[in-house]
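Atom set for the values below is all heavy atoms of this structure, side chains included, hydrogens, waters and symmetry mates excluded. FYI, the numbering just counts along the sequence from 1.
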Amino acid sequence: MAMSLGLGQYCRLAGRIMGALSRRQTRGTLLPAIRWYITQTAGNNVQFKLDDRTAHSSLDLFKKDTGVIYRILGLDPSHVQQNPERFRDWAVVFGDGRITGGRHYWEVTVKKSSEFRLGVAEAAMSRDDCVGTNRSSWVFGYVQRKWFAMTTNQRVPVPLVGKPDRVGILLDYEAGLIGLVDIPKAKVIHSMRVTFRGPLCPAFGLWDGELLTHSGLEEPEGLK
């Protein structure tokens, strides 16, 4: 897990304890066994909110489901129910649509977190895994004041000095590219080349503080 030894093990254990207690109870009626994604984005400028039905019990959504906050003790067990869409062991949440093609750009305010992962994952990714640990997810992470790119549990250092308040994510489905963007410089700091084979979701892992997403944005002019 993308965190210091000991703390990572503790957070995973906390997730398992909360998951074992019970699962989140969503507002309104009970969920069907299978979640059908309505939004399929093949063009540009994907717009999404965070999908409460995928959120681990230690994550709480806010600001009309565009932000997520980490709570180490998780939600009240009486508000949790079993749900096959929910991440069980890891503090992960997906965006509420799926991307099947096109070139897309979104931004994430990260200034209130010191440990997180941002990127994309296959919509059908196992809910027992963490983003970045398998062949179904590609993320950029920040931990111990360092950035890295990660997939199949392999980390590659990203030479980004310091931590900006907000970063961008660029996804080009057909080109097989996902990039971390320096917003003020309109520059891709680091990219991964991938052969995408199925629907993708924006993906987020969080183990400290909060993140705020900004979607439906135009790609920065002159991005390179």
### Message
Measuring only between side-chain heavy atoms, which start at C-beta, is R155 closer than 4.5 Å to W147?
### Response
no
Discussion item. Quiz question: by atom type and distance under 3.5 Å, do the side chains of T54 and D51 form a donor-acceptor pair?
Written reply: no
- Message: Ignoring hydrogens and geometry beyond distance, is a side-chain donor-acceptor pair present between T66 and H214 at under 3.5 Å?
- Response: no
Minimal heavy-atom distance between R127 and R86, with the atoms involved, is CB-O, 3.3 Å
> Does some side-chain heavy atom of S137 sit less than 4.5 Å from a side-chain heavy atom of N134?
Replying inline: yes
- Message: Between E107 and L217, is the side chain to side chain contact (heavy atoms under 4.5 Å, CB included) condition met? List the steps.
- Response: CA-CA 8 Å; E107 295 177 357; L217 304 177; 3.7 Å; yes
Between the CG atom in D208 and the OG atom in S114, the distance rounded to the nearest 0.5 Å is 3.5 Å
Here the pair of heavy atoms bringing A55 nearest to V93 is CB-CG2, 3.8 Å
| message | Using side-chain heavy atoms (C-beta onward) and a distance below 4.5 Å, is T152 in contact with W138? | response | no
| query | Under 4.5 Å between any side-chain heavy atoms of D60 and V68, yes or no? | reply | no
dist L171:CG -> I99:CD1 (nearest 0.5 Å) comes out at 5.0 Å
Query raised in the report: When clusters are formed by joining ILVMFWY residues with side-chain heavy atoms under 4.5 Å apart, either directly or through shared neighbours, do F116 and V156 land in the same one?
Result: no
Value for CD (E219) from CZ (R103), rounded to nearest 0.5 Å, stands at 4.0 Å
Separation between CZ (R117) and CZ (F140), nearest 0.5 Å, reads 13.0 Å
> With a 4.5 Å heavy-atom cut-off, do F204 and V108 have their side chains touching?
Replying inline: yes
Under a single-linkage definition using a 4.5 Å side-chain heavy-atom cutoff for Ile, Leu, Val, Met, Phe, Trp and Tyr, are F62 and L50 assigned to the same hydrophobic cluster?
no
Please answer: with hydrophobic residues joined when any side-chain heavy atoms are less than 4.5 Å apart, are V158 and V167 in the same cluster? yes
When every non-hydrogen atom of F94 is compared with those of E122, the smallest separation belongs to CE1-O, 3.8 Å
Value for CH2 (W90) from CZ (R88), rounded to nearest 0.5 Å, stands at 13.5 Å
Tightest non-hydrogen contact, residues G95 and F48, listed as CA-CD1, 4.1 Å
Note: A91 and W207 closest approach over all heavy atoms is CB-NE1, 3.7 Å
Verdict with supporting geometry, V110 and L212, side chain to side chain contact (heavy atoms under 4.5 Å, CB included)
CA-CA 7 Å; V110 299; L212 185 62; over 6 Å; no
message = I'd like to know if the side chain of Y142 pairs up with that of Q144 as donor and acceptor (distance under 3.5 Å, no hydrogens or angles considered).
response = no
_Is there a side chain to side chain contact (heavy atoms under 4.5 Å, CB included) between H104 and Y173? Walk through the geometry before answering._
CA-CA 8 Å; H104 307 276; Y173 191 101; 5.6 Å; no
Has R135 got more than 12 heavy atoms of other residues, nucleotides or ligands less than 6.0 Å from its CZ?
no
Are any of the side-chain heavy atoms of T213 and K49 separated by less than 4.5 Å? no
Exercise for the section: Please tell me if the side chains of D96 and D65 come closer than 4.5 Å, counting only heavy atoms from C-beta onward. Expected result: no
All heavy atoms of L206 vs all of E210, minimum pair found to be CD2-CA, 4.0 Å
*Hey, are the side chains of S58 and H56 touching, using non-hydrogen atoms and a 4.5 Å cut-off?*
yes
Please say yes or no: joined through hydrophobic side-chain contacts below 4.5 Å, possibly via intermediate residues, are V120 and Y105 part of one cluster?
no
To the nearest 0.5 Å, atom CG of L170 lies from atom CH2 of W106 at 8.5 Å
Tabulate below the donor-acceptor pairs under 3.5 Å that side-chain atoms of residues 175-201 make, not counting sequence neighbours, or state none.
| unit_1 | atom_1 | unit_2 | atom_2 | d |
| --- | --- | --- | --- | --- |
| D182 | OD1 | K185 | N | 3.2 |
| R193 | NH1 | A175 | O | 3.3 |

What I want to check is whether the side chains of T133 and N153 have a donor and an acceptor closer together than 3.5 Å. no
